[in-house]
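Just below is one structure, and these are the notes that go with it.
This one's a predicted model, so the numbers in the text were calculated from it and none came from an experiment. Just so we're on the same page: letters track the sequence lines, and every chain starts at 1.
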Amino acid sequence: MSKEKFDYFIKGEKGKYEVVIGLEVHAQVLSKSKLFSGSSTKFGADPNDQVSLIDSAFPGMLPVINEECVKQAVRTGLGLNAKINNYSVFDRKNYFYADLPQGYQISQYKNPIVGEGKVLLDMPYGSKEIGIERLHLEQDAGKSIHDMDPSNTYVDLNRSGIALMEIVSKPDLRSPDEVNAYIKKLRSIMRYLGTCDGNMQEGSLRADVNVSVRKEGDKNFGTRCEIKNVNSIKFMQMAIEYEAARQVELIENGKEIDQETRLFDTKKNETRSMRSKEDAHDYRYFPDPDLLPLKLEQKLIDDLKKSLPELPDKKKERFIKEYELNVYEANVLVSEKEISDYYEEVAKLSDKKLAATWMMGDLFAMLNDKGLDISKSPISAKHFAELVQSIKSGEISGRIAKEVFEIMVESGDNPKKIIESKGMKQQSDPKELEKMINEILSKNKDKVDQYKAGKEKLFGFFVGQVMKLSGGKANPQLTNEILKKLLKG
Amino acid sequence: MSNITNQSLNEIIENIKTKKISSTDLTKAYIKNIESAKKLNAFVTTTFDQALDKAKQFDKKPNFDQLLPGIPLAVKDLFCTENTKTTAGSNILNNFIPSYESTVTKNLWDNGSFLLGKLNCDEFAMGSSNETSHYGNVINPVGDQLVPGGSSGGSSSALAADLTPATIGTDTGGSIRQPASFTGTVGLKPTYGLCSRWGIVAFASSLDQAGPMTKTIKDCAIMLESMSGFDEKDSTSINKKKEQYSKNLKDNIKGLKIGIPKEYRVDNMPKEVDDLWEKGKKILKDLGAQLIDISLPHTKYALPTYYIVAPAEASSNLARYDGVRYGYRSKQGKDLIEMYEKTRSEGFGDEVKRRILIGTYVLSSGYYDAYYLKAQKVRQLIKKDFDDSFKKIDAILTPSTPSSAFKIGEKTNDPVSMYLNDIFTVPVNLAALPALSLPAGVDKKGHPLGLQLIGKALDEQKILNIGYAFEKNCGFKNEIKKWWS
C-alpha cells in the first residue's frame, strides 16, 4: 500500500486550518435488561411495553445495578486497552424533561468505571493512535414523539433506563476520514467483545461531536462547539465539514467562536445553535445516594481479561503471519468478527491467498448487492472453500468459477455437484486439448500464416476459438502452452 | 373487653393468642376509636372494610405463630400501599394509588397484620410539627392546642390516642423520635439500611429510615423484628441475619457504659429538660450502668450540615413529581415548561418548595464545593465523633428534643426555630446510627418529654435492652384524657 500524506485542511484566505475533533460516543450496552431495572432492552417493542416502575420513576422506587452491564463496561474498557477503575461512583445529572422520568439521569461524573485507553487506526498515511479519555456507564432517556398529534407530545419510555457506555475520546481526530475509521474501529472492537451491537439505525451507537479549528501549526486549541446526538457516520462527517468551514469563516472575518451546543440539521446539511454557554444546563451533579459506590474486585477484572476474545488488532497481526495476507486484506477481513470467522473457516479448507481474493471480490460484491451480512450469506463457508479449492486445483477456470458462484448463490448447492451436473469441469487433458487446437489451426490456415508473419496479436484470436469450442472449459494455462508450441512448429 | 385499645401491642397479641378477643372485635374497637377521633385529623385515608375482611379471614383461619397475629395497623402515609391511596401529605400525590406495596409494610402484613388506614404526616416528611401536610395539621392528643411533632405526627397522635396498637414512621432527621417524645411514646430510628427503603416515598435517600412507634419497648422490639430485613431491591439495605429483638429483650444493663455528651447541653434549654436528663442518668446509674462523660465536638455543625444534605437530596428526589406520569397535573400549562411550573407550584406546599430551592442552590455549580461538598466532609467528622466515642462506651444518653410539644402555629413563621427542634436527633441520621426515644417524664405543663438512647450501628438490641430496663424503673405513665371523643 502506498503511503499517502495526511492532507485534510480547511483552506481560508489567510491560511490553512487544522480541524480538531473529539467524540463522545454513546454505545448501548448489549444486555438483556436495563442498567438499574429488570425491564427488557429488546428493540422494536410497542411503545411503553418495556417499562418498569423504576424506569418510570414511581414514588419509592430504587435502582439496583445490573452486574452484567458492569461486566460489559469492563470488557469494553479492556478492549480499549484502558485502565479499569476498581472504585467508581454513580452520580445524578439533574434536569427536567418529559422523557426523563426521574428528573435526573444516573451517570458517572467524577469517578468513571474506565479511565484512559487507546484505539489504533489504520489510515492511508500510516497507523494513528487515538486516545480514550474515559468510559462511563449511564442511563438512556426515553423518547419524546412530537409528530403524532398536533398539540400533544407523546412519550415512549422503552429506552428509559437502558445502559449506555459513553466513550470519550481525546481531541486526537483530525479529519472526517479519521472519524469514520475511529467509529468503525470502536464498533468493530465492541462487536468482537459482544458488548454493543453497533447498530446505528436502531440508535445503539450515536455520538456528540466536538469540533474546533486552528491555524496549521498552532499549539493551542481553538474554541470548540459540540454537535449533539449525531446518529450516522455520514452525518458526523457532513456535520464536521460544515462546522469546520463555519468556524474558519468566523475566524477569517475576525469574529469570535462561541462555545456552544449545536444541532446538525440533516435536511439542510447545516449545524444550528441549540444553546450557548450562558444557557448551558447546570446539571447539579452529586453522588446518587440510592447507590453505593461501585467497587470491583481485581479478580473479577482479571477473570474478564482472561476471557476476552481475540480482538481485531491481534487478529490482524495473526492473519498477516498465518495466512500471508497483506495489510489491506487483513484489515478488511478482521473488520467484522463474522467476516474473520468466515474467512478462517474457508482458509483452513482451501488456499488461503485465493480464498482472501475471492472473498473480498465476488463474495463481498454479492453480499453488498443483496444487502446481506456475511452471517446471512447464501453460500456457506464450507461450500465457498470447495469452490476456491476447485479453482486452485485447476478443476475449473476462474471464468467458470464465476458461473458456478452464481448458481451457488441461487441454489445453495455445493460447487462439486454443480460442476459435475453441468459438465463444467475444466479440460486439462493435454492430448485432448492438442487435438482440439490442431483442429482449429487447420481450419484457420490463413490466420496461422499471418501470425507466423509477425501478426502476434492473433494469438488472442486462437485462444478465443479454443474457449469457444470447449465451452469455456479449456484450461487457459495449458491452452496457452500448447498453442505456443504448435504455432511455433 | 372494653379497654383493649389502651393495652400495649404485646398485651393485645397475648389476648388474641389466648382467644380472649378476636381480630374482628379488635379491629372494630379501633374503627370505633378512629371514628370518634376525627378532631385529631390523624388519618388521611381509612381502609376499614378491607381491614374487617382481613380480620375475618384471620379469625376463620388464625395463625398464632406469627409475630403480629390478626393485628390491625395504621401506617404513615409515606409508605406505598398496594391499591390504597398514598399521598405523602402532599397535594401533588392527591390521586396516587400505588400498584405496589412497600417492603416494610409487606413485611408487616406477612407477619399477620393488616392495614387499618394511612396516617397524616408533614408533606414529604418535611416538618417537625405536622403542620406542612396538605391534609391539614394533626393535633396532639396531649392537648388540643399542641402539635404532635413531625413529620410522623399522624403516627404519634394515632398511637397516643389508641387509634392503632402500634405504628411505623420514617425518620430523616428526627421524624420518629421527636413526635414520640411529644406524645409520650416510644420511637426507634434503626441503623440506616436495617429497614428497606423500597416503596417509601423518598425525602433524603442517605438519611431516610423507617422505624417503629409504639407504646412500650417490648412492642418496639416486636415491630422492629417484623418490619426489618435485607431487601435486594434496596442497594443500601444491609445484608445480615434477622434478629429476634423481642425474644432477646433483657433488662439487665449492669456494667454497660453510657456516654453523656457535653455538647448536648445547649443554650436556652429549659431546665426541666436538663432535670429530666439528670433523672435518666440516675436511673441508669442505679441499674448498674456506668456513666462516662464524652465529647462529640462536631455536634454544633450537625444541624447546618443536615439542612444542606437533606434538601440537596430532596431537590433531586422530588424532581419526578412533574405531572407527566402520575399524581397531580395542573390544567393551566400551555407547554411543557409551563405545565411543570404550574403543576409544581400548585402541587407542593411552602416548606417543600423552600427545601427544593435550598437543595437546588447548594448543588449549583459555584456553590457545590462551598455547601454540599463541605457538608459531606463535616458529615464524616460527625460520624467519626461517634465512632471514636463508641470505642469506649455502649450507648449514649441525651434528651430527645430541646422542649416538649409546642403550640400549633407557634413556629410556622420561623423555619429556623422549627429546624432547631431537630438539634438532638439529626446527628444520629447523619451518622447512620440507631436511636431510641423513650418517654421519661413530663414538664411543668404536664406535657411528655423523651430521652434519646443512641447505639452503635446495628446495636438495636442493646439500646432496646437499656430502654427496657429504663422503662421498668422510670415510673412514667402516659395519662392522656380523651377530650376529643
Checklist entry - What residue in B:Ser365, B:Ser206, B:Ala202 has the most heavy-atom pairs under 4.5 Å with chain A? => result B:Ser365
Checklist entry - Is it the side chain or the backbone of B:Glu232 that comes within 4.5 Å of chain A heavy atoms, both, or neither? => result backbone
Next on the checklist: I need the A:Leu53 CG to B:Trp198 CH2 distance, nearest 0.5 Å.
Outcome noted: 6.5 Å
Item to check | Where A:Ala57 and B:Tyr326 come nearest, the two heavy atoms and their spacing | outcome: O-OH, 2.5 Å
Checklist outcome for this item: Heavy atoms of A:Pro289 and B:Thr236 approach each other most closely as O-CG2, 3.7 Å
Checklist outcome for this item: When the 4.5 angstrom heavy-atom criterion is applied to B:Asp335 and chain A, the contacting part is neither
Checklist entry - Among B:Leu318, B:Asn317, B:Val362, B:Leu373, who wins on heavy-atom pairs under 4.5 Å with chain A? => result B:Asn317
Checklist entry - Between A:Arg92 and B:Glu313, which heavy-atom pair has the shortest distance, and what is it? => result NH1-O, 4.1 Å
Next on the checklist: Could you measure the distance from the CZ atom of A:Phe96 to the CD1 atom of B:Ile337? Nearest 0.5 Å is fine.
Outcome noted: 9.0 Å
Item to check | Pairwise side-chain contact, B:Val324 with A:Pro101, heavy-atom cut-off 4.5 Å (strictly under) | outcome: no
Item to check | B:Lys233 and A:Leu62, any side-chain heavy atoms less than 4.5 Å apart | outcome: no
Item to check | Residue pair B:Arg325 / A:Ser56, side-chain donor-acceptor N/O under 3.5 Å | outcome: no
Item to check | Heavy-atom contact with chain B under 4.5 Å, split by part of A:Tyr285 | outcome: backbone
Checklist entry - Highest number of heavy-atom pairs under 4.5 Å with chain A: which of B:Val201, B:Leu93, B:Thr360? => result B:Thr360
Next on the checklist: Please determine whether the number of non-hydrogen atoms from other residues, nucleotides or ligands lying under 6.0 Å from atom OH of B:Tyr371 exceeds 12.
Outcome noted: no
Checklist entry - By a 4.5 Å heavy-atom criterion (distance strictly below it), what part of B:Leu336 contacts chain A: side chain, backbone, both, or neither? => result side chain
Checklist entry - What is the minimum heavy-atom distance between B:Ser235 and A:Asp290, and which atoms define it? => result CB-O, 3.5 Å
Next on the checklist: Between B:Phe203 and chain A, with a heavy-atom cut-off of 4.5 Å, which part of the residue counts as in contact: side chain, backbone, both or neither?
Outcome noted: neither
Next on the checklist: Taking atom CD as the centre, does A:Glu297 end up with more than 12 heavy-atom neighbours from other residues, nucleotides or ligands that are less than 6.0 angstrom away?
Outcome noted: no
Checklist entry - Should the heavy atoms of other residues, nucleotides or ligands under 6.0 Å from NZ of B:Lys377 be counted, would the total exceed 12? => result no
Checklist entry - How are the rings of A:Phe58 and B:Tyr100 set to each other: parallel, tilted or perpendicular (split at 30° and 60°)? => result perpendicular
Checklist entry - Under 3.5 Å, is there a donor-acceptor pair between the side chain of B:Tyr340 and the main chain of A:Ala98? => result yes
Next on the checklist: Please determine whether the number of non-hydrogen atoms from other residues, nucleotides or ligands lying under 6.0 Å from atom OH of A:Tyr283 exceeds 12.
Outcome noted: yes
Checklist entry - Any side-chain donor-acceptor pair under 3.5 Å between B:Arg320 and A:Tyr104? => result yes
Item to check | Considering all heavy atoms, the nearest B:Ala319-A:Gly103 contact | outcome: CB-CA, 3.8 Å
Checklist entry - Which pair of heavy atoms, one from A:Phe286 and one from B:Tyr372, lies closest together, and at what distance? => result CD1-OH, 3.5 Å
Next on the checklist: For B:Lys383, I'd like to know if atom NZ has over 12 heavy atoms of other residues, nucleotides or ligands within 6.0 Å.
Outcome noted: no
Checklist outcome for this item: The interface call for B:Ala88 against chain A, heavy-atom contacts under 4.5 Å, is neither
Next on the checklist: What part of B:Phe96 gets within 4.5 angstrom of chain A, counting heavy atoms only: side chain, backbone, both, or neither?
Outcome noted: side chain
Checklist entry - Would one find more than 12 heavy atoms of other residues, nucleotides or ligands at under 6.0 Å from atom CZ of A:Arg134? => result yes
Next on the checklist: Has A:Asn94 got a side-chain atom pairing as donor or acceptor with B:Ser316's backbone, closer than 3.5 angstrom?
Outcome noted: no
Next on the checklist: Looking at B:Glu338, I'd like to know if its CD atom is crowded, meaning that more than 12 non-hydrogen atoms belonging to other residues, nucleotides or ligands lie closer than 6.0 Å.
Outcome noted: yes
Checklist entry - Are there more than 12 heavy atoms of other residues, nucleotides or ligands under 6.0 Å from atom NZ of A:Lys93? => result yes
